[in-house]
Structure formats: structure tokens, C-alpha cells
Amino acid sequence: MRQQNKYNQKVLISQEQIQESVHAMGERIAADYGDDPLTIIGCLKGSFIFMADLVRAIPRPLHIDFIEVSSYGNELSSSGNVRIVKDFKHPVQDSHVLIVEDIVDTGLTFDFLFEHIRLKKPTSLEIAALLVRSTVDLKKRPVKYHGFTIGEEYVVGYGLDAAGLYRNLNHVAVFEQ
Ligand code: 5GP
């Protein structure tokens, strides 16, 4: 049976599924990086809840910073342009860096962040995303850690919005206009 939330939206990924996946991802990240310096850069705004849960699932010291980029505005399709609204500050030259994104959709944000941070010469650079669309070519855009693969539906919740709303849902739901 279809599970609906209180806004009559279809629940695509439940709170329990998310928590299980984020916990496993955190354990994997901790094991992969060992004791090496690691900086986690969350991409605002969509990643803020995922980021908060993920960093607490990584049982080791971390540097945490944020970058805010804009590509979508309020409409539901990509504008094709990514620009920095707020840059991160932490020096990353001698640190491994893990970028945290909410969803890799077209991959334009992935490309932009990768190039922007690569120029600061981190020891290594990888991406963790809660969601990846099935259309993303993972050979071209290797998302090292990802929680769930989704289709073409526009989703909200767990940090993701529709016109600024629904970020505070504790699950991921399908948004229909
Ligand atoms: P990309 O650059 O990969 O096309 O898009 C990345 C950004 O677009 C994400 O960080 C997210 O903010 C936004 N985005 C893409 N698909 C969705 C979606 O289904 N729902 C929401 N709320 N945002 C999306």
C-alpha cells in the first residue's frame, strides 16, 4: 500500500530507511579514512539535515564547513548555471575532503564543486550524496558514497525543498504540483 504523509505526498524513503543508510555510510567513511585529517563540506541548503546526521555517524574528529551554491531558484528545473552564494573557509590543502550533497541530479553542481575544491589542492576529494538519479553516469561522476538511487520524480523532505517548503520532513516524499 502507498504510504502518504500528512500533506498527501507519497513517502518515497522513510525515516527508518534514511537513518539506516546514513549510519552505514558514516561507518564506511570512518573506516575508509582512518586517522587521516578529513574535512567535510556540506552543500547548502539541501544537505543540511543529511549533513547533520552523517557527521554524527562518523565516530572520529572532523573539520566541518559549508558552501552554499545556487542553481535552481524556486522553479523545479535546473537553470544550468551554478554560482557560489557562500564559499567555505577551512583550508583544505593538507586534508582529505568529502563534499556532501543532497541529490546529484544533472550533475552540474557535482562538476562545479569538484572543480572549485580541486583547485585548492586537497589530499583527496570525494562526494557523498543522499540521493542519486538513475540517469547519472557514475563512471563520469563517481559519487563515492550514496544512499539511494531514485527516478525522475521531484522530491522534498530531509533538507530538500519545493519553493522553500518541506525541508523539515523527516522522510523523502514525492512532490506533485
Ligand atoms: P544538479 O546540479 O545535480 O542538477 O542539481 C543539484 C541540486 O538541484 C540539488 O543540490 C538540489 O538542490 C536540486 N535538486 C535536484 N533535484 C531535486 C529534487 O528532486 N528535489 C529538490 N528539492 N531539489 C532538487
Side-chain angles (χ1 to χ4, degrees), residues 2-15 17-19 21-22 25-26 29 39-55 64-88 97-119 125-177:
R2 261 184 159 212
Q3 210 197 330
Q4 306 254 308
N5 67 15
K6 65 179 176 183
Y7 306 109
N8 290 328
Q9 296 164 343
K10 180 188 166 196
V11 175
L12 192 65
I13 309 169
S14 70
Q15 181 178 16
Q17 288 174 300
I18 293 172
Q19 293 310 328
S21 167
V22 172
M25 194 185 290
I29 292 168
T39 304
I40 308 229
I41 301 178
C43 182
L44 295 170
K45 294 178 184 147
S47 78
F48 82 106
I49 295 182
F50 174 43
M51 176 82 172
D53 284 345
L54 182 63
V55 295
I64 294 171
D65 206 339
F66 291 93
I67 185 168
E68 182 173 359
V69 299
S70 161
S71 63
Y72 259 51
N74 276 345
E75 72 278 17
L76 304 185
S77 63
S78 179
S79 67
N81 287 317
V82 182
R83 65 182 180 87
I84 295 178
V85 177
K86 176 217 165 287
D87 207 350
F88 69 98
V97 171
L98 182 64
I99 303 168
V100 174
E101 269 204 89
D102 51 357
I103 176 169
V104 180
D105 177 16
T106 62
L108 288 172
T109 306
F110 174 108
D111 295 349
F112 178 88
L113 290 172
F114 216 86
E115 189 55 18
H116 177 64
I117 299 174
R118 193 184 62 79
L119 294 174
L125 183 57
E126 302 288 355
I127 297 208
L130 178 73
L131 308 172
V132 174
R133 287 220 197 270
S134 53
T135 45
V136 171
D137 179 352
L138 291 172
K139 289 203 184 77
K140 196 168 157 213
R141 296 186 172 106
V143 181
K144 182 153 186 195
Y145 308 95
H146 79 263
F148 303 91
T149 303
I150 66 165
E152 59 189 18
E153 53 273 78
Y154 191 88
V155 291
V156 294
Y158 200 66
L160 292 121
D161 75 310
L165 299 176
Y166 306 114
R167 290 192 198 276
N168 54 331
L169 295 175
N170 56 24
H171 55 268
V172 171
V174 177
F175 178 76
E176 277 156 30
Q177 272 178 316

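Just so you know, residue 1 is the first one in the sequence shown, and it goes up from there. Order of listing sets the numbers, starting from 1, for every ligand and every atom in it. Computation of the quantities below employed the complete heavy-atom set of this structure, encompassing side-chain atoms and omitting hydrogens, waters and symmetry-equivalent molecules.
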Heavy atom of [X] under 4.0 Å from ligand 1?
{"X": "R133", "result": "yes"}
{"X": "Y154", "result": "yes"}
{"X": "V156", "result": "no"}

Exercise for review: Indicate yes or no: at least one non-hydrogen side-chain atom of L98 is less than 4.5 angstrom from one of Y145.
Suggested key: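 Of all side-chain heavy-atom pairs linking Y145 with L98, at least one is under 4.5 Å.
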Review point. Which of the atoms of ligand 1 are close to G107, meaning less than 4.0 Å from one of its heavy atoms?
Key: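 So the answer, numbered in order with elements, is 1 (P), 3 (O), 4 (O).
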Check your understanding: Judged by modelled atom types alone, do N168 and Y158 share a side-chain donor-acceptor pair under 3.5 Å?
Key ->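 There is no such pair between these side chains.
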Review point. Ligand 1 and L160, any nitrogen or oxygen pair closer than 3.5 angstrom?
Key: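 No, no N or O pair falls under 3.5 Å.
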Check your understanding: Hey, is D111 close enough to R141 for a salt bridge, meaning N to O under 4.0 Å?
Key ->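 Salt bridge between D111 and R141, a charged N being under 4.0 Å from a carboxylate O: yes.
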Practice item. Report, as yes or no, whether the 6.0 Å neighbourhood of atom CD on E152 holds more than 12 heavy atoms from other residues, nucleotides or ligands. Key: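 No, not enclosed.
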Review point. At a non-hydrogen distance cut-off of under 4.0 Å, which region of T109 contacts ligand 1 (side chain, backbone, both, or neither)?
Key: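 Both of them.
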Exercise for review: Applying side-chain contact (heavy atoms from CB on, under 4.5 Å) between C43 and each of E68, E101, M51, report the one that passes.
Suggested key: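 Output: one option passes, namely E101.
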